[in-house]
A.B. asks: 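First, the structure itself, so that you have it in front of you.
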Amino acid sequence: MNNTMQLFCIPFSGGNAYSYAEFKKYLPDHIELCNLELPGRGTRIREPLLTDIDTMTEDLFRQMEDHIQGDYAIFGHSLGALLTITLSRMIQEKGMNPPSHLFLSGQSTKDFNNPNARYLLPDDQFIQMLRNMEGTPEELLTDESFVNFFLPIIRADFQSIETYKNIPAPFKLKMPITVLLGKEEPVTDEEAALWQMETDNTFSIHRFEGGHFFIYNQTAEICRFIAEKCSQPV
């Protein structure tokens, strides 16, 4: 009997396929880490950036469609959490083998179709916002060459979230959803609980020590948590 499974990970705003490299150290041997890559970064740096969720979802689906015959789960942080939902909708709508579990990390629905769009901020204000989120080292935020390279990527990602209109799907997802949040990030349990509307299966919220980028400081605990959730019967 084959008890292996795949964990597909979708990057956050400004992230790439290497953003979850540390997960490999802490996931058990029976869970294969499969990091997905969006255009305009990492190994796809020469491709044009995407600025809307639908196009991103189609791109991710093309990466996955030939690799989801067995047991698998999807994890996404921030932008990746929203894409986890839209991608799972597409997989289910096409009648393909669905994921056994969805992990939505560091994202509520309050940023969608945001009238105070952060992606339009002047560079100095945009950089200060990133500084406040504590996900980018200060030495990089003060490096002009890095900023010139990085800002278009993360602006495009923020644009995709903040212009997204979450039109409810005509069906519920069939798989369990677990929301992961930092204890210090400004997302209430009530806001996070809106994700429950996406599934007719089980739903839970779990908080880890830290702010929005708790995934960097709590990697080992997160991986243990994912492995435990994936071992539970659906």
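In this chain, numbering begins with 1 at the start of the sequence shown.
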A.B. asks: Would one find more than 12 heavy atoms of other residues, nucleotides or ligands at under 6.0 Å from atom CD of Glu144?
C.D. replies: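 Open: at most 12 neighbouring heavy atoms sit under 6.0 Å from CD of Glu144.
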A.B. asks: Which pairs with one or both residues in residues 177-188 pass salt bridge (charged side-chain N to carboxylate O under 4.0 Å, His left out), sequence neighbours excluded?
C.D. replies: Lys183-Glu209
A.B. asks: With a 3.5 Å distance limit and no angle check, can you tell me whether Arg44 reaches the backbone of Leu38 through a side-chain donor-acceptor pair?
C.D. replies: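 Between the backbone of Leu38 and the side chain of Arg44 there is no qualifying donor-acceptor contact (under 3.5 Å).
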A.B. asks: Under the rule for salt bridge (Lys or Arg N to Asp or Glu O under 4.0 Å), what residues qualify as partners of Glu221, not counting sequence neighbours?
C.D. replies: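 Checked Glu221 against salt bridge (Lys or Arg N to Asp or Glu O under 4.0 Å); zero matches.
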A.B. asks: Between the main-chain N or O of Tyr72 and the side-chain N or O of Ser100, is there a donor-acceptor pair closer than 3.5 Å?
C.D. replies: yes
A.B. asks: Can you pull the side chain to side chain donor-acceptor pair (under 3.5 Å) pairs that have at least one residue in residues 24-33, sequence neighbours excluded?
C.D. replies: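 Every pair satisfying side chain to side chain donor-acceptor pair (under 3.5 Å) with a residue in residues 24-33: Glu22-Lys25.
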A.B. asks: Quick one: sort the His206 and Phe208 rings into parallel, tilted or perpendicular, breaks at 30° and 60°.
C.D. replies: perpendicular
A.B. asks: I'd like to know if Asp54 pairs up with Lys165 as an ion pair, taking the criterion as any Lys NZ or Arg NE/NH1/NH2 lying under 4.0 Å from an Asp or Glu carboxylate oxygen.
C.D. replies: no
A.B. asks: Are any non-hydrogen side-chain atoms of Thr163 and Phe112 less than 4.5 angstrom apart?
C.D. replies: no
A.B. asks: Checking Arg118 against Phe126: charged group under 6.0 Å from the ring centre and within 45 degrees of the axis?
C.D. replies: no
A.B. asks: Distance-only, no hydrogens or angles: does the Gln6 side chain make a donor-acceptor pair with backbone N or O of Ala73 under 3.5 Å?
C.D. replies: no
A.B. asks: Is there side-chain contact between Met96 and Met90, with at least one heavy-atom pair below 4.5 Å?
C.D. replies: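 No - every pair of side-chain heavy atoms lies 4.5 Å or more apart.
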A.B. asks: Go through the structure and list residues passing salt bridge (Lys or Arg N to Asp or Glu O under 4.0 Å) with Asp200, not counting sequence neighbours.
C.D. replies: Lys174
A.B. asks: Can you check whether Gln107's main-chain N or O pairs, donor with acceptor, with Trp195's side chain at less than 3.5 Å?
C.D. replies: yes
A.B. asks: Counting C-beta onward and ignoring hydrogens, is there a side-chain heavy-atom pair between Met129 and Phe158 closer than 4.5 Å?
C.D. replies: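 Side chain of Met129 against side chain of Phe158, heavy atoms only: contact under 4.5 Å found.
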A.B. asks: Pair Arg89, Glu198 - check salt bridge (Lys or Arg N to Asp or Glu O under 4.0 Å), show working.
C.D. replies: CA-CA 9 Å; Arg89 287 176 179 173; Glu198 296 287 344; 2.8 Å; yes
A.B. asks: Applying the side-chain hydrogen bond (donor to acceptor under 3.5 Å, both in side chains) test to His101, which of Asn201, Thr202, Thr178 qualifies?
C.D. replies: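 Among Asn201, Thr202, Thr178, the one that satisfies the side-chain hydrogen bond (donor to acceptor under 3.5 Å, both in side chains) with His101 is Thr178.
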A.B. asks: Do NZ/NE/NH1/NH2 and the carboxylate oxygens of Arg131 and Glu138 come within less than 4.0 Å?
C.D. replies: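 Yes, charged N to carboxylate O under 4.0 Å.
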A.B. asks: For atom CD of Glu93, decide whether the heavy atoms of other residues, nucleotides or ligands shown that lie under 6.0 angstrom number more than 12.
C.D. replies: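 Open: at most 12 neighbouring heavy atoms sit under 6.0 Å from CD of Glu93.
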A.B. asks: Judged by atom type as modelled, is there a donor-acceptor pair below 3.5 Å linking the side chain of Ser231 to the main-chain atoms of Glu228?
C.D. replies: yes
A.B. asks: With the threshold set at 4.0 Å, does a side-chain nitrogen-carboxylate oxygen contact exist between Arg41 and Glu47?
C.D. replies: no
A.B. asks: Once salt bridge (charged side-chain N to carboxylate O under 4.0 Å, His left out) is applied, what residue pairs with a partner in residues 67-83 remain, sequence neighbours excluded?
C.D. replies: none
A.B. asks: Just distance, no hydrogens or angles: give the donor-acceptor pairs under 3.5 Å from side chains in residues 7-21, sequence neighbours left out.
C.D. replies:
{"from": "Asn16", "atom 1": "OD1", "to": "Tyr18", "atom 2": "N", "distance (Å)": "2.8"}
{"from": "Ser19", "atom 1": "OG", "to": "Asn16", "atom 2": "N", "distance (Å)": "2.9"}
{"from": "Ser19", "atom 1": "OG", "to": "Asn16", "atom 2": "O", "distance (Å)": "3.0"}
{"from": "Tyr20", "atom 1": "OH", "to": "Ile10", "atom 2": "O", "distance (Å)": "2.8"}
{"from": "Tyr20", "atom 1": "OH", "to": "His77", "atom 2": "N", "distance (Å)": "3.3"}

A.B. asks: Does atom CE (Met197) have a neighbourhood of more than 12 heavy atoms from anything else shown, all under 6.0 Å?
C.D. replies: no
